[in-house]
S.K.: 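Okay, handing you the structure first.
Counting starts at 1 for both ligands and their atoms, following the listed order.
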Amino acid sequence: MTKITSSEWALASRPVGMPNLSDFEMRKTDVPAPADGEIQVRNSWMSVDPYMRGRMYDRESYVPPFQIGETLQGGSVGTVVASAHPDFSEGDLVSSMAGWREAWTAAPASVGATKMPKTGLPDSALLGVAGMPGLTAYAGLLRVAGLKEGDTVFVSGAAGAVGSTVVQIAKIRNCTVIGSAGGADKCALVRELGADHVIDYKKHDSYDSLVGALKAAAPKGIDVYFDNVGGDHLQAAIEVARPIARFAVCGMISQYNATEPVPGPYNMIQVVGKQLSIRGFIVSSHVDMQPQFLKDMSDWIQSGKMKFEETVMEGIETAPEAFLGLFQGRNTGKMLVKLG
Ligand code: NDP
C-alpha cells in the first residue's frame, strides 16, 4: 500500500462580488494508504461549476457552505490505485465529489464515490455531457419543463455545458430552438449544434434589444424557457412567452456575484394573465432519471446526434482560474481541469 502526496485547494476567504485568485490557497498533503473500507484514488479530471460560487457564501442552502481552510469539494473522476474496500479494485474508474485535489483516501460513501461502468465515452464526459450538467439539461427540459414535440424553446447560456445539451435534446425532440450566448464564436457553435436561431446577447446588450431579437426569432412566442442566466433574459422570456408556457429555472449566473439586491423581472404580472408555470429545480432531486439518461445519452453520442465541447485547463494549479473563467465567459462547453 502506498502513501502519495496531493496538491489541493482550500477557500482562503469568502469572496465579495467576483472572486479573486487570493480567495483560494493551495497546499500539499500526504494521502495515506487506505484503511479497512477505504479506497485510494488518483483524480484525472476535476470539474468547476457555477453552483460552487453559492457554496462560498456563509448561508443556508440546498448544499452546506464551504468552510474557510477546508479543502473544496466538487465533481471529479479518477482511478483507484489501492483498495481496502470489497467492492473496489485497483484500476476501477470512480466518479466522486472529491475534486479540487489530485488524490484522496476515503470511504467511498463519504465522498459520494461510485464505480463507473465502461461507457465507451472519454472519462471527461462523465463530468459534462454524460454527467451532472447533462442530467441537469435532460431532467430540466424533459421533466421540469415537460418538453413536447414542436415546442418553441428558448435557452440562455446556450454555449455552456448545460445549455449546449439543452439545445441538442430539444432538437432531437423536433422542437424549434433559440439559443443565446455571448460572442460570435459561441453563437456559431450554438448554430452548429442545431439551434434554429441564435442571439448574441452581447450585441443585444439592452433589454429592449434582447426582446426585439427574441420576437424576431419567435414571432408567435415561446412555449419553454430554460433559464441559465436570470436577469434581463428571464424578463425577456416572460415578455415573449405564449399562454401556458413552462419555464425551467436552472440557474441565474448573471446574479451569482452581485453585491447588491438584484431587481426582479418587472413584468411578473404577465405570469397571471399568461398562466405561466415557472419552476426552479435542483438536479439532485432527479437522480431517478439517471439510468434512462445514461442510456439515451450514450445512444445519442454514438449516433452523432449529441456533440460536446470542452474547455480544458491543465494542472491542479489552474483550478481557481478555471472557476473564475466561468463568470468571464472563458469556457465553451464544459469547463474542466485535467490533472497530471
Ligand atoms: P456554463 O458552462 O454555461 O458556464 C458559464 C457560462 O455562463 C459562461 O461561459 C458564460 O457564457 C455565461 N455567463 C457568465 N456570466 C454571465 C452573465 N453575467 N450573463 C450571462 N451569461 C453569463 O455553466 P453550466 O452549464 O455548468 O451552468 C449553467 C447554469 O446552470 C448556471 O446558472 C448553473 O448554476 C446552473 N446549473 C444548475 C443546476 C441545477 O441543479 N439547478 C446544475 C448545474 C448547473 P457566455 O460567454 O455565453 O456569457
S.K.: By number and element, which atoms of ligand 1 are closer than 4.0 Å to a non-hydrogen atom of Gly182?
M.R.: 45 (P), 46 (O), 47 (O)
S.K.: Tell me whether Val229 has any N or O atom under 3.5 angstrom from an N or O of ligand 1.
M.R.: no
S.K.: What residue and heavy atom of the protein are closest to atom 8 (C) of ligand 1, and at what distance?
M.R.: Leu326 O, 3.2 Å
S.K.: Quick check: Asn331 and ligand 1, any N/O pair under 3.5 Å apart?
M.R.: yes
S.K.: If you have a sec, work out which protein heavy atom is nearest atom 42 (C) of ligand 1 and how many Å separate them, to one decimal?
M.R.: Thr136 OG1, 3.3 Å
S.K.: State if Cys250 counts as touching ligand 1 under the rule of any non-hydrogen atom under 4.0 Å.
M.R.: yes
S.K.: Please determine if Tyr201 has a nitrogen or oxygen closer than 3.5 Å to a nitrogen or oxygen of ligand 1.
M.R.: yes
S.K.: Please list the nearest protein heavy atom to atom 26 (O) of ligand 1 with its residue and the distance rounded to 0.1 Å.
M.R.: Pro50 CD, 3.4 Å
S.K.: In terms of atom number and element, which parts of ligand 1 are under 4.0 angstrom from non-hydrogen atoms of Ser254?
M.R.: 17 (C), 18 (N), 19 (N)
S.K.: Among all protein heavy atoms, pick out the one at the shortest distance from atom 10 (C) of ligand 1; state its residue, atom name and that distance to 0.1 Å.
M.R.: Gly329 CA, 3.7 Å
S.K.: Could you list the atoms of ligand 1 found under 4.0 angstrom from a heavy atom of Met252?
M.R.: 32 (O)
S.K.: Can you tell me the protein heavy atom closest to atom 3 (O) of ligand 1 and the distance?
M.R.: Gly160 CA, 3.3 Å
S.K.: Spell out, as yes or no, whether a donor-acceptor pair under 3.5 Å connects the side chain of Arg246 to the backbone of Gly146.
M.R.: yes
S.K.: I'd like to check which ligand 1 atoms, numbered from 1 as shown, lie under 4.0 Å from a non-hydrogen atom of Val283.
M.R.: 39 (C), 40 (O)
S.K.: Quick one: closest heavy-atom pair of Pro265 and Ile238, and the distance?
M.R.: CB-CD1, 4.0 Å
S.K.: Please could you name the atoms of ligand 1 that Val162 approaches to less than 4.0 Å, counting only its heavy atoms?
M.R.: 24 (P), 25 (O), 27 (O), 44 (C)
S.K.: Using only atom types and a distance under 3.5 Å, with no angle test, would you say the side chain of Ser76 pairs donor to acceptor with the backbone of Asn43?
M.R.: no
S.K.: Could you tell me whether Arg53 sits above the aromatic face of Tyr57, with NZ or CZ closer than 6.0 angstrom to the six-membered ring centre and within 45 degrees of the axis?
M.R.: yes
S.K.: Please confirm whether the ring centroid of Phe88 lies under 6.0 Å from the ring centroid of His85.
M.R.: yes
S.K.: Do me a favour and list the nearest non-hydrogen protein atom to atom 28 (C) of ligand 1 with residue, atom name and distance?
M.R.: Asn228 OD1, 3.8 Å
S.K.: Can you give me the closest heavy-atom contact between Gly69 and Arg27, atom names plus distance?
M.R.: O-NH1, 2.7 Å
S.K.: List every atom of ligand 1 that sits less than 4.0 Å from any heavy atom of Ala181, numbering the atoms from 1 in the order shown and giving each element.
M.R.: 47 (O)
S.K.: When you measure from atom 34 (O) of ligand 1 to each heavy atom in Phe226, Tyr62, Phe281, Tyr256, which option holds the nearest one?
M.R.: Tyr256
S.K.: What residue and heavy atom of the protein are closest to atom 12 (C) of ligand 1, and at what distance?
M.R.: Ile253 CG2, 4.1 Å
S.K.: Check contact between Lys186 and ligand 1, using heavy atoms of the residue and a distance below 4.0 angstrom.
M.R.: yes
S.K.: Taking 4.0 angstrom as the limit and counting only heavy atoms of Gly333, give me the atoms of ligand 1 inside it, by number and element.
M.R.: 2 (O)
S.K.: For Met132, is the nearest heavy atom under 4.0 Å from an atom of ligand 1?
M.R.: yes
S.K.: For Ile282, take its heavy atoms, then give the atoms of ligand 1 lying under 4.0 Å from any of them.
M.R.: 40 (O), 41 (N)
